[in-house]
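Numbers for residues simply follow the sequence, beginning at 1. This structure is a prediction, so every number in the text was calculated from the model and none was measured.
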Amino acid sequence: MVMIFSSLRLTADHPLPFQQTAVFERELCKMYHKEKSIQIKNSASALYNNLSVLRIAPRRLTYFTVVHANVVNMVSASWDGLNYSHRQLQSKEPNVATSTSLIMQVAFCVLPSRDLLVVTSQKGIQIYESDGSIMVYWHALDTSDAPTAQAVFARGISAVWDNYICVGVSSGAILVFDVPSKGSNITLSEVLEEHKEPITDIASECSGSQECIADLVSADDGGNLCVWKSGKEFQLLNKIPGFDMSCSSVKLWKGIVVAGYGTGQIHLFEAVTGILHAEVNAHARWIYSLDIAPFSGLLLSAAEDSLVRVWHLTVTPETNSVEVAHLHNECVTDTQICGAKFCDGDGYAFAVTGYDLSEIIRYTQL
């Protein structure tokens, strides 16, 4: 059975409408099966979006990164599953041999000219070559203005269009870095100060459409969303207010903001207008990760309830409608899931991490 939710607010007080569509089910409802897990050196910390994946097609490799305390566990896996190599990166501090600074997030940033690995911590932002071999840039966080009782950290990472990497910080600011096509001459070009609460996640338009007006969305601990247009000066297009519940993960696809919350709900908004197209009761507990396969419109959601769910999104601009179809469930028994990512742009495979698990669990379509 395929459940289709179309441009509706779906709440506990209103039963979820559904319909069976045989053709749609045959075409899209492809089941996944579990593959051999990838072992990692340390277990995953209980952080939002604690998994990043980069597919290196020319070399038939996939990179995976998972955070454990002040260490990034990085695995390079061949597509045939026969070869693995491991690397560990530690959080850095200027003039300190061994740092105890906790890492908050790690993410691959894919730009047209280069791929980079960005690590954020309580002390600053590190940018590496994609294989983790060379650190090309370090940005220390300014702690001088922070109240004594307030934690300082960076969290929320996204590349946007040709040459920018955006990183959120605990003050609510977003740091915009201008990245050259090669070399280490990375500069802080702008600071966006619209959010008033710590940034939780940042995402760029992933469909590849140049027609989308909005190309960046940011979320904070209060559930507020800011929609941006990138450029030499970033422009705030819209601010979607929260409801005092943290938005832990956010995505942007074909002009639609997909936001996951601590309530276990997924909200779909039109980016430019802020119109709520759908509100889905997706999980019983806090959502920790969302991901979208841009070529197929598959949406992956993962939460503390041990469930990973696969959905399908359909956007029809002519009728200004959005459809959400639930396709598949995977239960990772007795596991607090903290990261989930598709391994390719079609959504043929995905990977999952869980708190205190020293493995990356993989699933592929049958």
Sidechain N-carboxylate O distance under 4.0 Å for Arg309, Glu330: no

Q) Charged N to carboxylate O under 4.0 angstrom, Glu304 versus Arg285? A)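 A salt bridge links Glu304 with Arg285.
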
Are any side-chain N or O atoms of [X] and backbone N or O atoms of [Y], one a donor and one an acceptor, separated by less than 3.5 Å?
{"X": "Ser121", "Y": "Ser101", "result": "no"}
{"X": "Ser204", "Y": "Ser158", "result": "no"}
{"X": "Ser289", "Y": "Ala302", "result": "no"}
{"X": "Thr335", "Y": "Ile337", "result": "no"}
{"X": "Asn49", "Y": "Ser248", "result": "yes"}
{"X": "Asp220", "Y": "Pro198", "result": "no"}
{"X": "Glu205", "Y": "Ser207", "result": "yes"}
{"X": "Glu270", "Y": "Val257", "result": "no"}
{"X": "Asn83", "Y": "Ser78", "result": "no"}
{"X": "Tyr164", "Y": "Gly231", "result": "yes"}

Can you sort out the partners of [X] under salt bridge (Lys or Arg N to Asp or Glu O under 4.0 Å), two or more places apart, ordered by chain and number?
{"X": "Glu359", "result": "none"}
{"X": "Lys196", "result": "none"}
{"X": "Arg87", "result": "none"}
{"X": "Asp221", "result": "Arg155"}

### Task
Scan side-chain atoms only and decide if Glu35 and Thr364 contain a donor-acceptor pair under the 3.5 Å cut-off.
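Their side chains do contain a donor-acceptor pair, which is all the 3.5 Å distance test asks for.
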
*Between Trp79 and Arg59, is there a cation-pi geometry (under 6.0 Å to ring centre, at most 45° from the normal)?*
no

Q: Tell me whether Leu268 is reachable from Ile287 by hopping between hydrophobic residues (I, L, V, M, F, W, Y) whose side-chain heavy atoms are closer than 4.5 Å.
A: yes

Do Leu298 and Phe350 belong to the same hydrophobic cluster, where Ile, Leu, Val, Met, Phe, Trp and Tyr are linked whenever their side-chain heavy atoms lie under 4.5 Å apart, directly or via other members?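 Same cluster: Leu298 reaches Phe350 through Ile, Leu, Val, Met, Phe, Trp or Tyr contacts under 4.5 Å.
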
Side-chain contact, heavy-atom cut-off 4.5 Å: [X] with [Y]?
{"X": "Val272", "Y": "Val227", "value": "no"}
{"X": "Val118", "Y": "Ile125", "value": "yes"}
{"X": "Tyr137", "Y": "Met135", "value": "no"}

Side chain to side chain contact (heavy atoms under 4.5 Å, CB included) involving [X] - partner list, sequence neighbours excluded:
{"X": "Thr65", "result": "Ser52, Val72, Met74, Val106, Phe108, Leu117"}
{"X": "Thr263", "result": "Phe243, Met245, Tyr261, Gln265"}
{"X": "Thr319", "result": "Thr316, Ser321"}
{"X": "Trp161", "result": "Gln210, Asp215, Ser230"}

Tell me whether [X] at atom [atom1] has more than 12 heavy atoms from other residues, nucleotides or ligands lying less than 6.0 Å away.
{"X": "Lys41", "atom1": "NZ", "result": "no"}
{"X": "Asp80", "atom1": "CG", "result": "yes"}
{"X": "Ile213", "atom1": "CD1", "result": "no"}

From [atom1] ([X]) to [atom2] ([Y]), nearest 0.5 Å:
{"X": "Thr62", "Y": "Ile56", "atom1": "OG1", "atom2": "CD1", "result": "8.0 Å"}
{"X": "Lys232", "Y": "Asn163", "atom1": "NZ", "atom2": "CG", "result": "10.0 Å"}
{"X": "His139", "Y": "Thr120", "atom1": "NE2", "atom2": "OG1", "result": "12.0 Å"}

Partner residues of [X] under the ring pair (Phe, Tyr, Trp, His ring centres under 6.0 Å) criterion, sequence neighbours left out:
{"X": "Tyr348", "result": "none"}
{"X": "Phe153", "result": "none"}
{"X": "His68", "result": "none"}

| field | Pair Phe269 and His267, ring centroids less than 6.0 Å apart | value |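 Yes: the rings meet the under 6.0 Å criterion.
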
Distance-only donor-acceptor hits, side chain of residues 183-194, under 3.5 Å, sequence neighbours excluded:
unit_1	atom_1	unit_2	atom_2	d
Ser189	OG	Val176	O	3.2
Glu190	OE1	Phe234	N	3.0
Glu190	OE2	Phe234	N	3.4

Closest heavy-atom pair and its distance - Leu300, Lys341: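 Nearest heavy atoms, Leu300 then Lys341: CD2-N, 3.7 Å.
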
> Taking it one step at a time, do Asn73 and Gln88 satisfy side-chain hydrogen bond (donor to acceptor under 3.5 Å, both in side chains)?
Replying inline: CA-CA 5 Å; Asn73 293 285; Gln88 290 188 313; 2.8 Å; yes

- Task: Classify the angle between the aromatic ring planes of His328 and Tyr32 as parallel (below 30°), tilted (30 to 60°) or perpendicular (above 60°).
- Result: tilted

